[in-house]
Amino acid sequence: MASACCQNPFRINAHFHENSRFVGPKVEFSSVHFPSNVEISRLNFYPSSASTSTSKESCGKVHSLSNAGDSTNEKVPTPMLDMVDSPIHLKNFTSKELKQLADDIRSELLFTMSETQKSYKSSLSVVELTVAIHHVFHAPLDKILWDMEDQTYPHKLLTGRRPLVHKAGEADNPSNYTCRGEFDPFGAGHGCSSISSGLGMAVARDIKGKRDRIVAVISNETTMAGQVYEAMSNAGYLDSNLIVILNDSHHSLHPKIEQVPKATINALSSILSKLQSSKFFRKFRELAKVLTKKIGGGMHEWAAKIDEYARGMMGPPGSTLFEELGLYYIGPVDGHNIEDLVCVLREVASLDSMGPVLVHVITKENYELDDNQMSKKSHQNHEVILAQADSLDNESLPRESRPHTYTDRFVEALIAESEKDEDIVVVHAGMGMEPSFQLLKNKLGDKFFDIGMAEQHAVTFSAGLSCGGLKPFCIIPSAFLQRAYDQVVHDVDRQKIAVRFVITSAGLVGSDGATQSGAFDIAFMSCLPNMIVMAPSDDIELARMVATAAKIDDRPICFRYPRGAIANMSTSTPYIEEPIEIGQGRILVEGKDIALLGFGSMVQNCLRAQSLLAKLGIDVTVADARFCKPLDINLLRTLCKNHKFLVTVEEGSVGGFGAHVAQFISLDGQLDAGIKWRPITLPDNYIEGALPKDQLALAGLTGNHIAATALNLLGRTRDALLLMC
């Protein structure tokens, strides 16, 4: 059977067989919104007040708003899920009922996927695992921690947040992110955090003399990050009771996925996993350790080697690594077999003074019920939902038939540069890879290095490539670059090594919210002494900055660009090869009343503000700074000399571009000369998931907000209020 690689933006790489059935996330554009072209029936299938009793025969009420002539998208009944408002409702369920509950959750997620156009593929892989965890453990008394938000939706459905899941992607919806709460003792961020935070909670529990259990669920994607192994090593040393569950969905960065060693599930592995987790086997193993130590004469070391060799022979490739780190390995376990999961987890939960344990669970993201496990109608409904959702995935469209993104233009420009300079190489890091980068990967071949979630290594690896005479472009999303800041400082900037940082997903990122928001890169990159910091105002400037970065070979340089489609782009615009002079901005529109100085994509909103103000008779200058460091001091002096008011605009946190402008104009005496300056930045708080336009409005960065700021400076408060109405 042929296999194919499907990659979705800013998420995770996934590999599928040709009969795989799952949906990737809908791409969100900062300037363009694509409504669904599919009318989907809307049903509300929540329990009525009468259906919240403990009776297993109770059911919810169906409220249908079906479209005329459309019956294929009817919501599959979920009677077991309708009974669950809290994990405590799972405790008395039989194995058959737990299976039905898992089927209901999968049906619910598939239906919700068609309504919200949001991908739940990672969550679909952990449905049975989540059900088993909540059946065995006692949340919120027992602490359950997740490494990735994408895997938490079954957990949310079982912990009283079902209505919120149906509103995924809406503004201020708590289901968009996993923050601390009753059933979430620690927020799920970019991954890697659950073992470290769980170990801290376990040690705190031991010090306070409590007996609750700590469960940390990690993904094999996050095992590429160093923090996971640091936490495991420390857990083995401290020997506190901690349960780590590795959800292995067979993700790999190997170019030939079929050649990657995989842990297999069969009857023998199931028996061995149950044996490894059993209380009898653990006690027998501990007794053997005690006896061999008493015998002496090297018997203990000899027995330990035999134990390690035997467990290595029985376990999958790499299983002994966890043993070396100090975790007792159990697995592999079939992640879609409820009976096996409950059996193993129950045995693990019953052990006292067991130390850290790792349970290796094998799952499939494209796992779906067999035909004999669901009705024919339900199966057809699931097929229709998946097909409809596939049609909403803009990235699945041919590149020519979808809007051009900033990444598309960057790839075009870098390919053009690589054809002229054979020393150009690319290092890509972060969670997943945008589809546009696949073209770059195919073009560069062995000169393209996909590092995965190992940003620290990616930065220092790039520095090494530069020291070897190559020209590395290190591509990392803004939020993920934060994890590699120490390497940026010491391994690159302090040594003035020519690494070209391409910071993607800069600024606000739609429904991914604060988790992947790129709010801080301007501030933390521009404070480095040797770093050149740029940001393009449009796609043409982005192409020129690629050429500029390729020419720099004596110091590090970075440029950022936002996620999403390019606004007002002409597809016939030629690629401009001319580099930009370092530290040179430009004036786009000349006026005399007030100056708007934009950095990066916010220049476009400054132009929108200028258009609004022109209708009110206000003559506005709009300038594109291009550089945050070094600043164009001649441009700044000109703006201060010719205007009484200066407004700086950036899609970044306080302490970024505006702070550098303020530093210069204050030291240069421009503030003393009478210029009035106002900064517009992202607010000093985290902006959660919403539509990009709504996020910009909330942040006060739209053209209307910029124009209103200018009107307030000019003393026209009433006009400013009218503009915001």
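- Within a 6.0 Å radius of CG in Asn442, other residues, nucleotides and ligands contribute more than 12 heavy atoms.
- No side-chain donor from either of Ser125 and Gln151 sits under 3.5 Å from a side-chain acceptor of the other.
- For the residue pair Ser249/Thr363, the side-chain donor-acceptor check at 3.5 Å is satisfied.
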For Val244 and Val359, what are the C-alpha separation, side-chain angles and deciding distance, and is it a side-chain contact (heavy atoms from CB on, under 4.5 Å)? CA-CA 6 Å; Val244 178; Val359 182; over 6 Å; no
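- For residues 454-473, every residue pair satisfying the side chain to side chain donor-acceptor pair (under 3.5 Å) rule, not counting sequence neighbours, is listed here: Asp421-Lys471, Glu455-Arg483, Thr460-Asp491.
- The closest donor-acceptor contact from the side chain of Thr223 to the backbone of Asn220 lies under 3.5 Å.
- Using a 30° and 60° split on the angle between ring planes, Tyr329 and Phe322 fall in the parallel class, below 30°.
- Under the 3.5 Å distance criterion, the side-chain polar atoms of Gln604 are matched with a main-chain donor or acceptor of Ser537.
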Go through the steps to decide whether Phe524 and Val489 satisfy the test side-chain contact (heavy atoms from CB on, under 4.5 Å), and finish with yes or no. CA-CA 10 Å; Phe524 69 66; Val489 174; over 6 Å; no
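- The number of heavy atoms from other shown groups lying within 6.0 Å of CG (Asn685) is above 12.
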How far apart are the C-alpha atoms of Ser478 and Asp521, what are their side-chain angles, what is the distance that settles it, and do they pass the side-chain hydrogen bond (donor to acceptor under 3.5 Å, both in side chains) test? CA-CA 6 Å; Ser478 175; Asp521 59 272; 2.7 Å; yes
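- A donor-acceptor pair under 3.5 Å is formed between the side chain of Gln695 and the backbone N or O of Glu688.
- Between the Thr222 side chain and the Ile218 main chain, no donor and acceptor come within less than 3.5 Å of each other.
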Begin with the C-alpha distance, continue with both residues' side-chain angles, and end with the deciding distance and a verdict on side-chain hydrogen bond (donor to acceptor under 3.5 Å, both in side chains) for Ser196 and Glu230. CA-CA 8 Å; Ser196 297; Glu230 294 171 8; over 6 Å; no
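- We find the OG-CG distance between Ser418 and Leu444 to be 5.0 Å, quoted to the nearest 0.5 Å.
- The backbone N or O of Val492 sits nowhere less than 3.5 Å from a side-chain atom of Gln495 that would complete a donor-acceptor pair.
- Remark: Ile532 CD1 to Asp554 CG distance equals 7.0 Å, nearest 0.5 Å.
- By the 4.5 Å heavy-atom criterion applied to side chains, Val488 and Phe501 are counted as neighbours.
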Stepwise side-chain hydrogen bond (donor to acceptor under 3.5 Å, both in side chains) check, His360 with Asp248: CA-CA 7 Å; His360 185 186; Asp248 185 355; 2.9 Å; yes
So Tyr406 and Thr504, side-chain contact (heavy atoms from CB on, under 4.5 Å) or not? Walk me through it. CA-CA 9 Å; Tyr406 281 93; Thr504 65; over 6 Å; no
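- Taking CZ of Phe473 as the reference point, atom CZ of Phe448 lies at 13.0 Å (rounded to 0.5 Å).
- A donor-acceptor pair under 3.5 Å links the side-chain atoms of Arg500 to the main chain of Ile552, judged by distance alone.
- The closest side-chain donor-acceptor pair between Glu149 and Thr515 falls under 3.5 angstrom.
- Residues Val426 and Leu414 have side chains in contact (heavy-atom distance under 4.5 Å, counting atoms from C-beta outward).
- Judged by distance alone, the side chains of Thr548 and Arg626 never bring a donor and an acceptor atom under 3.5 Å apart.
- A donor-acceptor pair is defined here as one N or O able to donate and one able to accept, closer than 3.5 Å; no such pair exists between the side chain of Arg560 and the backbone of Ile503.
- With respect to Glu419 and Lys443, a salt bridge is recorded, a charged nitrogen being found less than 4.0 Å from a carboxylate O.
- Between the NE2 atom of His660 and the CD atom of Glu650 there is a distance of 9.0 Å, given to the nearest 0.5 Å.
- Side-chain contact of Tyr561 with Thr407: a donor-acceptor pair under 3.5 Å is present, judged by distance alone.
- Checked by atom type and distance alone, the side chain of Arg586 never pairs as donor or acceptor with a backbone atom of Asp624 at under 3.5 Å.
- Note: Phe410 and Phe437 have perpendicular aromatic rings, judged against thresholds of 30 and 60 degrees for the angle between ring planes.
- Among all heavy-atom pairs drawn from Cys474 and Val499, the shortest one is CB-CG1, 4.0 Å.
- One N or O on the side chain of Glu651 and one on the backbone of Leu508 form a donor-acceptor pair closer than 3.5 Å.
- Ring orientation note: the planes of Phe599 and Phe657 are close to parallel, at an angle under 30° on the 30°/60° scale.
- Of the possible polar contacts, one joining the Asp493 side chain to the Met531 backbone as a donor-acceptor pair under 3.5 Å is found.
- Annotation for Gly513 and Val509: closest pair O-CG2, 3.5 Å, computed over non-hydrogen atoms.
- Salt bridge status for Arg563 with Asp512: present, with a side-chain N to carboxylate O gap under 4.0 Å.
- Side chain to side chain, Asp147 and Ser194 meet the donor-acceptor criterion of an N or O pair below 3.5 Å.
- Side-chain contact between Tyr229 and Leu325 is present, with heavy atoms from C-beta onward closer than 4.5 Å.
- Defined by atom type and a distance below 3.5 Å, a donor-acceptor pair is missing between the side-chain atoms of Glu434 and His428.
- Residue Arg409 holds its CZ atom at 6.5 Å from CD1 of Ile566, rounded to the nearest 0.5 Å.
- Rounding to the nearest 0.5 angstrom, the gap separating the CD1 atom in Ile451 from the CZ atom in Phe461 is 5.0 Å.
- For the salt bridge (Lys or Arg N to Asp or Glu O under 4.0 Å) test, no residue two or more places apart in sequence or in another chain qualifies with Glu422.
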Applying side-chain contact (heavy atoms from CB on, under 4.5 Å), run through Phe559 and Val533 and close with a yes or a no. CA-CA 6 Å; Phe559 56 91; Val533 181; over 6 Å; no
